[in-house]
Every structure is written in structure tokens, then in C-alpha cells.
Peer 1: 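Right, I'll just put the structure down here and ask away after.
Order of listing sets the numbers, starting from 1, for every ligand and every atom in it.
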Amino acid sequence: MVLLQDYFVSWSFLATVFVSFVAALVYVYGCRPLDRWRLRHIPGPPQEWLTGNILEHMKLGGIFKAHQRYAQKYGPIFVARNVHTPIVMVDSPELARKVLLQNNYRCVFPNLLHGEDAKFEESTYLDTRGDKLKTVRGAWQPFFFSGSLEGFMGLMKDSADLLVDSVELHASKGQVMDIHGMIGAMTVQVVGTTAFGVNFHTQAADKAAFSFSMYTPPLILLPFAAPLIKRLAHHFPDEGLSRVKAGRQVIIDIVKELLAERRKELAVEQNRIAKGLGKLRASFAENTGERRGVAPGSFVDLLAFVMVLSAYETTANALAFTMYLLSKPENSAKLAKLTAEIDVFGRERVPTFEELDKFPWLEACLREGMRIFPPVPTLTREAERDMDLGGHKVPKGTMLGVAVYSMHNSPAYWQEPEKYLPERFIEGTPEYQAKPLHGYLPFGDGLRQCIGLRFAIMEAKITLIRLYQRFTFELQAEQDTLELRETITISAANGVLVKAIPRPPPNNLF
Ligand code: HEM
């Protein structure tokens, strides 16, 4: 009896109670009972303890592929656990519209950055909300007005011509090239130069910037322990994290250098602004950071990050995917129509801003490319208030997602979705008639729709015109099916490998 009493007050007893309590807490935490209860009416894949659906996503080849599978199985609204927190996904044009038009805040996913790096991340625009959102977006707008866009034509054409030169070099040696990587170098040059008015001479946004670290899984699974994990990662960075930080540092260093240079050269800057280049940074400084202190000290970082994330990779991916599809042997008739449209315009001529509208087939090829391979496969929002989504009550604060990739490739909305049919984007064709009214979202929708949409289409059109005036491209056999890699965007995991075939001069056509 005495022994038992001793045991109850002993350390080992206390330790057993404590460990059992913590184990029970961890178990309950991994089951997410509250989230399950809140979203119990919405179907979705069964969740694993602690890991949600993450392991299944990996098995299925990415979150976007998993969403496609879930939509087939559970219908147009389902709950998936992409990360620790559940996300209510929609896969129907009507529901997608509701999500995107009624909610203006993006979800913020956890990341590992700490200290100075975290400040850089906070300054980014992608999860901005409230008044700051209006001010910042307003400051961006002038950059994308027709007047400004027209001013970028020369730069876009020169950059496309540099790309043509390097394609020619490979072609003269009969070499296979990764056109995706080469286009990426061009898009970074274009957007960097337009934003800062200084030649952005490097492909700074290395893919390593988006690589994973071994700290990422614990951060995703145990978000409550984020401060501890971030500190650990900061003091003992592994190789993955070091690469992420190095990638960002390249950008920050360039930006700081440019900023210092610009401050010394105010007169030169005035000149540049008059020409339209550097307008974005100037407009931003004018409207937010410097004048009103909305983003003090961080506005330039913001531009750099948004540039990398939003402009460079998406445009490069859209272009590379389109070229991939046009190079597939089964799409040779679509390619022939494209080269015919370009030949009518002229093999040597450079289009003016207005003349870019004379390429409807080219634009259709690009738009259809972004249907099959939307560069941003999932859009996210946070429910700003309680919502009714497809008859389900979704509480305020819930993470919402639009399964763009799945919707774009669904037979429920597109006839023969696996086929590359640019006709879908040519008014008056049967394919156009069959197209869903709202089911096409490569640039998102609502107040947070891609602000660079016109910039991107313009750059892509100029690039494709200059390339196809001179070449067609032959796909390497092993690329019949393109392996995709998913980060925030989807891209070709191993690049797009092609051989350039110089086109015969126009007078030898027949
Ligand atoms: C083909 C190329 C591009 C594609 C497919 C694309 C796609 C997207 C998508 C899907 C979004 C999110 C929209 C939403 O949540 O509803 C977005 C946002 C954004 N994009 Fe693009 N983008 C492209 C090119 C560009 C370019 C060239 C720029 C700038 C020069 C740019 C700047 C932005 C910015 C600043 C945002 C954030 C807008 C906001 O949150 O208010 N994008 N883009």
C-alpha cells in the first residue's frame, strides 16, 4: 500500500502522466477533429493521421493531379489537405467564379524564412490584403496601360531576337536545346528591364529558389511549432534551404545594386521614366513606399519577388508549353496554320503594337496551350465571410482553392480535352461554341486576377512571331509525354528539348 502511494507521487508516475498527455494531444492534433467537424458535409478523400492527403498527392504525381482525381471521384466540391490545413477545392466554372469574385485574399502557406529573409517575404504582394492591397495594386496599374505596354515593344523584340540568335547558333550545329530554359533567360531579362529600367543581365531566378528543404515537411505538418522549426532551420540550414536562400539573395543583391545606382543617377532616371522603362518601380515608389510609407524600405524587394514569381516563370512556361504542343507531330496542321498566318504578315517584318492584333491563330495557339498546361494550376483564396458553396456551408476563414488544371482538362467542361484545338479560341468555330463560358482561368479572375496578363500575352506573341518567322521545332522522341514539376506553377521537369529546323526562305515555299 505504501509502495503504491509512493509510486503515485513519484517522478516516474508524473513522467508517465505527462508523456501520455502529450501523446494524446499529438494524436488528437493529427486527427484534426475540429476541421473535420467544421467541413463534415463536404466530401473528400479520407485523411491520414497527421499527414492529411500529402502522401497521396506525392503518389499521384502532384497536388494538381490529385485534385483531378478527387474531382472525378467526389464531384465539383471537395476537401483536400494539401498542407496541414484543409482546403475546400472547387472544380466547376460557376463555383470557381463565386470563390474568385467574392474573396480577395489569398491563403498564405507556411514557409521557412526567418529574420531578414522573412521581412523580404512579408513585403511581397501576393498575400497583401486590406487597404494596402488597393494602394499597391493601384500603384501597379499604370505600368500595364496600353501607353506603357507599347513602350516595351522594342525591348521585347530585342530580347526575342537575342533568343532567335541563340536558337540559330544551336541550329547551325544541329544541337538539341532546352527551349524552356532559353525562354526563361529571356523573360527574366524582359521583365527585369521593364521594371527597373536597367538591363537585367542574369537569369537570377534560379529554379533552386523553389527547391525543398528537409525542414519543409515538419513545418507543413506542425505549423504550431513553426517559430521553433524556423529558428532551427535558420541556425542549421540544410542544403535545400541554403539553395533557397542563395537564390533569393541573388535577386536581393541585384535589386540593391540597381537601387543604389538609380539613386546616384536621378537625371538618367528621369530620362528612362520618360521612355517608359523603369516606370513600374517609379510608380510604386511614387504611390506607396517612399511617399506614404505603406511598404517602407521593402518596395524594391517586393518588385523583385513578384517579378520572379509572377512574371518570369509563368510566361516562360506558357511559351514553352505552347511550343511543345505545336512541335508534336499530331499537331502539324495547327503549326502549318500558324506559319501561314506569320507568312502573310511577313518573314522579316517586326509587328507594331497595333499589328499584334493581326495574329488570331497565334493567340489561340497560346491560349489553348495555357488550357492544357495552365502555368498556375491552383488558385487560392481565403473565405472572407461565411459562404454557401454548392449547397455547402463554408465558414469564414476557410482556405478555398480553384482546381484550374483539373477544370481545364475535364471532359465535363471541354469536348475532347486531351486534344490541342486552338479553334476553341477562334470565334465562330464549333469548338468555340462548345467552350464553357467561365471555365478558362489561366490568369485567375476577380480583383486579384493577374495584373500582367496583357504584358504576358504581348511578350509571348512577339517571341513566337520572331521564332516562327525563322524556325519550326522538332521535339525529341523521349518527350512524347511531358513530365511536369509542380511548385506554385507547373513547368516541364526536364525542360522542353527540341531541335530547331530553319524554315526555307519565303520565295522557295512552293
Ligand atoms: C503567361 C504568363 C502569366 C500567367 C499564366 C500568369 C498567371 C497568374 C495567375 C493565375 C495569377 C493569380 C490570379 C488569381 O489569384 O486570381 C497571377 C497573379 C499575378 N501576376 Fe501573373 N501570370 C503571367 C504573367 C505575369 C506577368 C508578365 C506579370 C508582370 C509583369 C504578372 C504579374 C502578376 C501579379 C503582380 C500578380 C498578383 C496580382 C494580385 O495579387 O493582385 N504575371 N498571375
Side-chain angles (χ1 to χ4, degrees), residues 64 96-108 124-130 132-145 148-149 152 155-156 159 183-184 186-196 200 205 279-281 283-284 302-323 363 365-382 400-405 407-408 438 440-464 488-491:
F64 67 109
R97 242 174 108 70
K98 200 161 179 187
V99 165
L100 298 175
L101 300 190
Q102 292 188 7
N103 302 287
N104 297 323
Y105 300 161
R106 289 217 178 80
C107 313
V108 191
T124 64
Y125 170 63
L126 295 177
D127 68 342
T128 303
R129 35 186 79 197
K132 188 174 165 190
L133 168 63
K134 279 189 217 139
T135 318
V136 175
R137 181 131 183 155
W140 275 83
Q141 296 289 0
F143 183 65
F144 299 100
F145 292 161
S148 305
L149 288 178
F152 307 144
L155 169 73
M156 288 181 181
S159 307
I183 290 174
M186 182 200 75
T187 56
V188 101
Q189 161 105 351
V190 168
V191 77
T193 310
T194 43
F196 297 101
F200 222 76
K279 204 163 180 165
L280 173 61
R281 186 260 179 209
S283 145
F284 197 83
L302 177 148
L303 293 180
F305 191 74
V306 172
M307 175 193 72
V308 173
L309 209 64
S310 313
Y312 136 74
E313 218 200 333
T314 45
T315 313
N317 295 357
L319 271 163
F321 285 140
T322 301
M323 291 182 68
E363 188 161 333
C365 288
L366 188 65
R367 289 191 183 273
E368 175 69 346
M370 289 190 285
R371 180 191 65 79
I372 295 181
F373 297 115
V376 182
T378 308
L379 300 167
T380 65
R381 294 290 188 274
E382 184 185 303
L400 305 172
V402 175
V404 176
Y405 178 89
M407 237 163 68
H408 278 195
H438 298 298
Y440 180 67
L441 293 164
F443 293 104
D445 204 350
L447 272 185
R448 305 304 298 268
Q449 190 185 39
C450 174
I451 202 169
L453 184 161
R454 292 181 65 206
F455 184 103
I457 300 256
M458 182 175 144
E459 182 181 2
K461 279 168 104 175
I462 295 173
T463 308
L464 291 175
I488 291 174
T489 60
I490 46 169
S491 57

Peer 1: Would you say Phe152 and Glu459 make side-chain contact, with heavy atoms under 4.5 Å?
Peer 2: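 No. Closest side-chain heavy atoms not under 4.5 Å.
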
Peer 1: Could you tell me the separation between the NE2 atom of His408 and the CD atom of Glu368, rounded to the nearest 0.5 Å?
Peer 2: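 Going from the NE2 atom of His408 to the CD atom of Glu368 covers 10.0 Å.
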
Peer 1: Suppose I only count heavy atoms of Thr315 and a 4.0 Å limit; which atoms of ligand 1 are within that range?
Peer 2: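 Near Thr315, meaning under 4.0 Å from one of its heavy atoms, ligand 1 has 1 (C), 2 (C), 24 (C), 27 (C).
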
Peer 1: Which part of Thr314 is near ligand 1, with near meaning a heavy atom under 4.0 Å away: side chain, backbone, both or neither?
Peer 2: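 Looking at Thr314 and ligand 1, atoms from backbone and side chain both fall under 4.0 Å.
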
Peer 1: For ligand 1, which atoms have a heavy atom of Arg381 less than 4.0 angstrom away?
Peer 2: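 Matching atoms, with element in brackets: 14 (C), 15 (O), 16 (O).
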
Peer 1: Within the structure, is a non-hydrogen atom of Glu459 found at a distance of less than 4.0 Å from ligand 1?
Peer 2: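 Outside the 4.0 Å threshold, so no.
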
Peer 1: Do Arg129 and Tyr105 have side chains that get closer than 4.5 Å, going by heavy atoms?
Peer 2: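 Sidechains of Tyr105 and Arg129: in contact.
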
Peer 1: Report yes if the side chains of Val402 and Asp445 come closer than 4.5 Å at any heavy-atom pair, otherwise no.
Peer 2: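 A side-chain contact is absent here, since even the closest heavy-atom pair is not under 4.5 Å.
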
Peer 1: Should one rank Pro377, Ala318, Pro374, Cys450 by closest heavy-atom distance to atom 8 (C) of ligand 1, which comes out on top?
Peer 2: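 Checking each option, the heavy atom nearest atom 8 (C) of ligand 1 is found in Cys450.
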
Peer 1: Which atoms of ligand 1 sit under 4.0 Å from any heavy atom of Phe455?
Peer 2: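 Numbered from 1, ligand 1 contributes 27 (C), 30 (C).
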
Peer 1: Locate the shortest heavy-atom distance separating Arg381 from Cys107; write the atom from each residue and the value.
Peer 2: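 Looking at all heavy atoms of both residues, the closest pair is O-SG, 2.9 Å.
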
Peer 1: Provide the number and element of each atom of ligand 1 under 4.0 Å from a heavy atom of Pro442.
Peer 2: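 Near Pro442, the atoms of ligand 1 are 5 (C), 7 (C), 10 (C).
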
Peer 1: Is any side-chain heavy atom of Arg448 closer than 4.5 Å to a side-chain heavy atom of Asn103?
Peer 2: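 Heavy-atom side-chain distance check fails, nothing below 4.5 Å.
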
Peer 1: With heavy-atom distances below 4.0 Å as the criterion, list the atoms of ligand 1 near Ile451.
Peer 2: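 Every atom of ligand 1 under 4.0 Å from some heavy atom of Ile451: 32 (C), 33 (C), 34 (C), 35 (C).
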
Peer 1: Which atoms of ligand 1 are found less than 4.0 Å from any heavy atom of Gly444?
Peer 2: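 Numbered from 1, ligand 1 contributes 10 (C), 13 (C), 14 (C), 16 (O).
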
Peer 1: Only heavy atoms of Ala311, strictly under 4.0 Å: list the atoms of ligand 1 that pass.
Peer 2: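 Checking each atom against Ala311, I get 25 (C), 26 (C), 27 (C), 28 (C), 29 (C), 30 (C).
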
Peer 1: Answer whether the closest heavy-atom distance between the side chains of Ile457 and Arg367 falls below 4.5 Å.
Peer 2: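 Heavy-atom side-chain distance check passes, below 4.5 Å.
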
Peer 1: Would you kindly specify which portion of Phe144 sits under 4.0 Å from ligand 1, judged on non-hydrogen atoms: side chain, backbone, both or neither?
Peer 2: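 Only the side chain of Phe144 comes within reach of ligand 1.
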
Peer 1: May I ask you to test the Phe455-Leu149 pair for a side-chain heavy-atom distance under 4.5 Å?
Peer 2: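 They are in contact (side-chain heavy atoms under 4.5 Å apart), so the answer is yes.
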
Peer 1: Looking only at distances, can you tell me whether any N or O atom of Asp445, backbone or side chain, sits closer than 3.5 Å to an N or O atom of ligand 1?
Peer 2: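 N/O-N/O distance under 3.5 Å: yes.
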
